[in-house]
Novice: 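Quick one: this structure, given as structure tokens, is what I'll be asking you about.
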Amino acid sequence: MKELPFTIASFDTYLTERKVMASRCTSCGALWLPPRPICLTCKADQMEWEELTGKGTLVAFTVIGVGPMPMIDAGYGRDNPYCVGIVQVEEGPRIGAQILGVDVAHPENIKIGTKVTADFVERGSWHFVEEVAKAKKAYLAFRA
Amino acid sequence: MAQGKRRLGRGVAIVGAGMSAFGTRPDITNRELFAEAFTDMKDSVDKGFEHQDIEALYVGNCGAEMWESQSVMGNLCADIIGLTPRPARKIEDACASSSVAVRDGLIAIASGLYDMVLVGGTEKMTSLPINWTTMALACGSDTTFEGSVGFTFPGLYAAMATAHMEAYGTTHDDLLRVAIKNHSNGALNPKAHFPMTIKQVMEMRAAKAEEKGGPVPTWSDEMEFLNDPRFNPVIAWPNTLFDCCPITDGAACLLLVAEEIAREFTDVPIYIIGTGQASGHNLHDRDTLTSIPAAKLAAEQAYEMAGVDPGDIKMAEVHDCFTIAEVMAIADLGFFKEGKEAAVAAGEGKTARDGQKPINVSGGLKCKGHPVGATGAAQMVEIFQQMRGEAGERQVTATDIDIALNHNIGAHGTTAVVQIYERR
Ligand SMILES: [Zn+2]
């Protein structure tokens, strides 16, 4: 199989295969999620793909009733809020994602430190133009 | 390379400062808001100036493309104030747009290219339904990895608030006291979007409930009112409505000149003695979620250039787009220790107008309003007036303000600008 370039589109393609893929710097070994073409640590530009376990820990979160359009189009709102947070994956890096399986009606019960596992959701795209926004794509999420 | 060792090629002073009224301004466009600020600024220049001596214009604007379907704001602002054909440019750096515009104008004068420039910003934000405004603001996040996974602006700061609460035991009541303090300041600012104390808001809401014939709420104090979800709903937990700055229309501008000609325009120029700017990663790539690393770096540069310490700053206007943002700001600037000390500073009166370190005497973004592209310049307008003893009822009197600072964050900390001002 031809190796995909270290782009956001490749990351998205892997998500459709339910894979969480990061880029590892072949010079210094730093791991980047989402993948990056250039290493922030040593500035080298040679990367290799690495599949992550999808296990992680919640380090910060919020519960939102007034979301951006893709979340509204997905059915979220004041009466149906959602949780979104920052997850630290067990391999080290952090990423922002929707957090499923938590008590959004009682955010005070959601705990930082909660163990989560990667999940995959499909929603519309981020765009002001409706024709573009309605194109569905896969997003990384985590489930408590 | 130690960026803080850098010096300006020559000194730069503010000789005029003005702003439009902040608020919901349905019948006026971005450029007209800017013209209103310009007229106000003109009146503030003690000895006057020749319009044709303005050599260039730097205008901060975050999102006229979205809110007004209009780009090229620099040229439009130059046109409406009669500055064409002088070079004009728009600077976009989310909520720090106008601070970056001021800094770029400052650098142009310091370089020797110009002797006089007009700098500022404008933002018209109330023209879209709230869903689209939420979306427009979230365009300042990383829309690929933050906005599109569900983060809004109140949400990004809310996530930082949960990390702060977890790390330091900060409570939501600590945060609400920042709002109470800033509203008590802004109540004295005739240009503020909501010039009312929280107590006045509370009494107004109670009166409205009585008018409607419903049960009249009996809150014992502001905290009880703010903890009533019927009147202060959650926006992005733990951020409630009163943790968030309003959506505001407004503009502000300043006249900058080279130091050697400053006294041709006023006997009390305000010198910009330190300037710092840094950029930062998205939230997920930061080492910390309880501070804004770019703000610390910008502050270090500004302090070093100015040759002053946090203790020398007599007052500061800081970026309180959400209550947690002020708590982080006063720690990042070195005024208070990061954590509980910074979290309780407002509640303990330390950051009040008559406290040891007056913070946001204008009312801050929280009460004065946050027209994103104009906010940094508006902070400087307050500093200009306070340093010259022209702030009216809200004038800080406990101390002589000879050195002041502004702190303006772009987005959730992907840009930060800190500047230090001196009256000699
Ligand atoms: Zn590397």
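Heavy-atom basis, side chains included; hydrogens, waters and symmetry copies ignored.
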Novice: Between A/Glu108 and chain B, which part of the residue has a heavy atom less than 4.5 Å away: side chain, backbone, both or neither?
Specialist: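 Both backbone and side chain.
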Novice: With a 4.5 angstrom heavy-atom cut-off, could you sort out which part of A/Ile72 is near chain B: side chain, backbone, both or neither?
Specialist: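 The answer is the side chain of A/Ile72.
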Novice: Does A/Lys137 have more than 12 heavy atoms from other residues, nucleotides or ligands lying within 6.0 Å of its NZ?
Specialist: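 Yes, enclosed.
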Novice: Would you mind checking which part of A/Phe61 comes under 4.5 Å of any heavy atom in chain B, side chain (CB onward), backbone (N, CA, C, O), both or neither?
Specialist: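 Both backbone and side chain of A/Phe61 come within 4.5 Å of chain B.
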Novice: Any salt bridge linking A/Lys134 with A/Asp73? Criterion: basic side-chain nitrogen under 4.0 Å from a carboxylate oxygen.
Specialist: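 Here A/Lys134 does not pair with A/Asp73 in a salt bridge, since their nearest N and O are not under 4.0 Å apart.
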Novice: Do NZ/NE/NH1/NH2 and the carboxylate oxygens of A/Glu91 and A/Arg24 come within less than 4.0 Å?
Specialist: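 Salt bridge flag = no for A/Arg24 with A/Glu91.
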Novice: At a 4.5 Å cut-off on heavy atoms, which part of B/Met66 comes close to chain A: side chain, backbone, both, or neither?
Specialist: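 For B/Met66, side-chain heavy atoms alone lie under 4.5 Å from chain A.
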Novice: Over all heavy atoms of both residues, which pair between B/Ala167 and B/Thr290 is shortest? Give the atoms and the distance, please.
Specialist: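 Heavy-atom minimum between the residues: CB-CG2, 4.2 Å.
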Novice: Could you tell me which non-hydrogen atom of B/Met125 sits nearest to which non-hydrogen atom of B/Val372, and how far apart they are?
Specialist: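 Looking at all heavy atoms of both residues, the shortest contact is SD-N, 3.6 Å.
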Novice: Measure distances from B/Thr144 to the heavy atoms of chain A and classify the residue's part below 4.5 Å as side chain, backbone, both or neither.
Specialist: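 Contact with chain A involves the side chain of B/Thr144 alone.
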Novice: Under 4.0 Å between a Lys/Arg side-chain N and an Asp/Glu carboxylate O for B/Asp285 and A/Arg36?
Specialist: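 Salt bridge between B/Asp285 and A/Arg36, a charged N being under 4.0 Å from a carboxylate O: yes.
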Novice: With a 4.5 angstrom heavy-atom cut-off, which part of A/Pro93 approaches chain B: side chain, backbone, both or neither?
Specialist: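 It is neither, since no heavy atom gets under 4.5 Å.
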Novice: Can you tell which part of A/Tyr76 gets under 4.5 Å to a heavy atom of chain B, answering side chain, backbone, both or neither?
Specialist: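 For A/Tyr76, there is no contact with chain B at all, as no heavy atom is under 4.5 Å.
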Novice: Need one label for A/Ile110: side chain, backbone, both or neither, based on atoms under 4.5 Å from any heavy atom in chain B.
Specialist: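 Looking at A/Ile110, nothing touches chain B.
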Novice: Are B/His370 and B/His193 close enough that their ring centers fall under 6.0 Å?
Specialist: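 No.
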Novice: Between B/Ala161 and chain A, with a heavy-atom cut-off of 4.5 Å, which part of the residue counts as in contact: side chain, backbone, both or neither?
Specialist: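 It is neither, since no heavy atom gets under 4.5 Å.
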Novice: Is B/His164 close to chain A through its backbone or its side chain, or both, or neither, when contacts mean heavy atoms under 4.5 Å?
Specialist: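 Nothing of B/His164, per the 4.5 Å heavy-atom cut-off to chain A.
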Novice: Taking side chain as everything from C-beta outward and backbone as N, CA, C, O, which of these in A/Met69 sits under 4.5 Å from a heavy atom of chain B? Side chain, backbone, both or neither.
Specialist: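 Interface part for A/Met69: both.
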Novice: If I measure from the heavy atoms of chain A, does B/Thr134 come under 4.5 Å with its side chain, its backbone, both, or neither?
Specialist: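 Contact with chain A is through the side chain of B/Thr134 alone.
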Novice: Does any part of the side chain of B/Val149, heavy atoms only, come nearer than 4.5 Å to the side chain of A/Val84, both counted from C-beta?
Specialist: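 In contact.
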Novice: What's the separation between atom CG in B/Leu175 and atom CD1 in B/Ile180, rounded to the nearest 0.5 Å?
Specialist: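 CD1 of B/Ile180 is found 11.5 Å from CG of B/Leu175.
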Novice: Under 4.5 Å from any heavy atom of chain B, what part of A/Arg78 do you find: side chain, backbone, both or neither?
Specialist: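 Looking at A/Arg78, nothing touches chain B.
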Novice: Could you tell me whether A/Trp49 and A/Tyr14 have their ring centroids closer than 6.0 angstrom?
Specialist: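 Yes.
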Novice: Under a 4.5 Å heavy-atom cutoff, which of A/Trp32, A/Trp126, A/Phe128 has the most pairs with chain B?
Specialist: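 The option with the most such pairs is A/Trp126.
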Novice: Heavy-atom pairs under 4.5 Å with chain B - which of A/Leu40, A/Val121, A/Val63, A/Val59 has more of them than the others?
Specialist: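 Option with the top pair count is A/Val63.
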